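Reviewing the structure listed below.
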Amino acid sequence: MLGKSSTELVRHQNSALVLSALRRSGRLSHTQLAEATRLSSATVSAITAELERSAIIEKSEQQAATGRGRPRVLFSQRRGCGYVITVIVSSDSIQYSLVDYAGTLLDRFAEARRGAAPEFIAAITAGLERAVERSSIGREQVLLVSISSKGLVSADAPVLVWSPVLGADAVDFRLALGAGWGGKVILNNETLLVAKALQQRLAREGEAPASLAALSLGHSIGLGIARITRDGETEISAPNFGHMLHIPGGALCRCGARGCIEAYAGFYAVLRTAFEVPVDTVPAKFVPLPEVDKIAQQARQGHRMAGFAFRQAGIALGNGLSRLLSLHGHMPVRITGPGMRYYDLMRAGVEEGLAQTHVVRLSGMPQLDVVPDEPALVFEGHLGLAFQRIDQDILSMRAPIQAAGE
Ligand SMILES: [Zn+2]
């Protein structure tokens with residue numbers, strides 16, 4: 001049988017509504033599911049019975065708060081239905097987390113990262129094997145491997161085009177991880193995941209704006225945008241913001257170009273300016289946070305060059321954001337990453353960099369807020385995207401089999 005009949009299509013869409021409501025809220029009763037999905041009680045009964053038969057969701061009982069009366073029956077994703085491994089690549093380490101289908105974190109460990117692309121790939125393959133061995137699960141039970149890195153990621157394949165970690169040594173994870181893991185890998189820019197997580201958090205509170213930007217400050221500068229389309233879908237992207245031109249022919253950037261935003265706003269740029277090192281000096285590979293803390297302390301005590309270094313970083317970011325708003329329209333900006341702790345020193349510069357432009361003079365300053373705990377946001381973004389994909393795949397794989405038996 002080719003294609004799906006309209007009845008099947010509706011059933012598929014309704015099942016997707018039920019799964020995504022359970023994803024958002026955790027465990028829900030029949031009544032809560034009907035409210036959340038706006039489906040009729042009978043439809044919810046039919047869908048939940050079917051998803052339960054297919055071992056995708058499960059029922060559990062919750063005793064009423066008073067301890068009397070019949071316990072409440074709650075539905076949730078079935079934990080053992082499959083697993084996700086998230087792999088978070090940073091400059092000095094790779095962190096692995098194993099999560100079950102209901103979103104529960106089962107195991108987490110990190111390993112040091114060193115070496116060029118071949119060594120990096122071998123380390124990830126070994127890390128994935130270790131993750132399944134530690135929890136005694138089969139490789140085939142892992143439904144998706146979700147990798148993130150800073151840098152430029154191809155929009156339509158798991159290819160890391162450029163990264164601070166490997167430079168222009170592009171890595172195609174589907175090919176590199178081979179038959180064992182390559183078929184189930186997705187790759188995303190780290191700040192794109194932050195934007196996804198922020199959008200999810202706000203949607204849960206019923207406050208999601210039409211678009212929002214996440215700006216990550218650190219050794220490199222990341223940007224993620226989450227936008228809700230007319231069909232109500234979330235579209236997320238991570239433009240190459242850190243390496244967007246700030247000053248033509250300006251300071252030398254880690255990417256090899258001159259005048260990038262990062263070459264003024266990254267940690268190495270702050271260090272370079274504070275110590276009055278020439279702007280064509282090759283950027284430091286890594287600047288430990290305590291070094292930047294020291295410069296920040298000096299700036300707060302009124303040291304001129306230290307203060308100027310952060311202000312200049314702020315202006316580069318503000319100018320960059322003004323271009324973002326000119327191209328994509330007004331949107332709130334959430335500032336995160338390890339550099340967020342210096343935002344008090346950059347804020348005047350950011351606002352100055354924004355205020356000069358037409359878009360801000362017309363529509364006012366965008367809402368700028370600092371959000372702590374970037375690692376938690378990155379992980380939430382991983383799970384949000386991975387399970388969205390898995391839920392869709394599970395339903396698509398299941399429907400034709402059932403239809404054939406009918
Ligand atoms: Zn650059």
Side-chain angles (χ1 to χ4, degrees), residues 89-92 113 116-117 120 148-155 159-171 187-192 194-195 213-225 237-288 291-292 295 308-328 333 335-340 342 346 349-350 353-354 374:
V89 178
S90 53
S91 56
D92 55 350
R113 192 212 65 81
F120 171 71
S148 67
S149 168
K150 290 185 194 303
L152 201 58
V153 170
S154 164
V159 178
L160 187 57
V161 179
W162 183 91
S163 65
V165 167
L166 300 168
D169 251 356
V171 176
L187 170 71
N188 283 295
N189 168 282
E190 195 177 283
T191 320
L192 176 147
V194 173
L215 179 66
S216 171
L217 307 181
H219 202 63
S220 53
I221 305 296
L223 184 93
I225 304 173
S237 57
N240 198 2
F241 182 83
H243 302 281
M244 204 161 80
L245 188 61
H246 173 51
I247 296 175
L252 184 62
C253 180
R254 203 155 43 136
C255 71
R258 281 179 171 276
C260 299
I261 290 178
E262 189 186 289
Y264 291 88
F267 283 169
Y268 65 85
V270 169
L271 183 86
R272 205 162 48 184
T273 309
F275 290 104
E276 300 185 60
V277 176
V279 293
D280 53 1
T281 307
V282 175
K285 264 209 151 32
F286 183 70
V287 183
E291 288 297 312
V292 197
I295 303 171
F308 175 67
F310 284 106
R311 190 178 179 86
Q312 180 178 257
I315 291 173
L317 295 169
N319 278 172
L321 289 175
S322 77
R323 293 186 176 116
L324 171 80
L325 302 184
S326 303
L327 290 168
H328 292 280
V333 180
I335 297 146
T336 185
M340 156 207 104
Y342 315 121
M346 294 189 222
V350 171
L354 274 161
E374 189 184 42

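Both ligands and their constituent atoms are indexed starting at 1 by order of listing. In this text the structure is predicted, and so the values were computed from the model without any measurement.
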Q: Check Ala195 against Ile225 and note the closest heavy-atom contact, atom names and distance.
A: CB-N, 3.9 Å
Q: Could you label the plane-to-plane angle of the His219 and Phe286 rings as parallel, tilted or perpendicular, counting under 30° as parallel and over 60° as perpendicular?
A: tilted
Q. Can you say whether the rings of Tyr342 and Phe267 are parallel (under 30°), tilted (30 to 60°) or perpendicular (over 60°)?
A. perpendicular
Q.
Do Met346 and Leu217 make a side-chain contact, defined as non-hydrogen atoms from C-beta onward lying under 4.5 Å apart?
A. yes
Q. Does the side chain of Thr273 reach to within under 4.5 Å of the side chain of Tyr264, using non-hydrogen atoms?
A. no
**Q.** Residues which pass salt bridge (charged side-chain N to carboxylate O under 4.0 Å, His left out) with Glu190, listed by chain and number, not counting sequence neighbours
**A.** Lys150
Q) Within a radius below 2.8 Å of the Zn ion (ligand 1), how many protein N, O or S atoms are present? A) 4
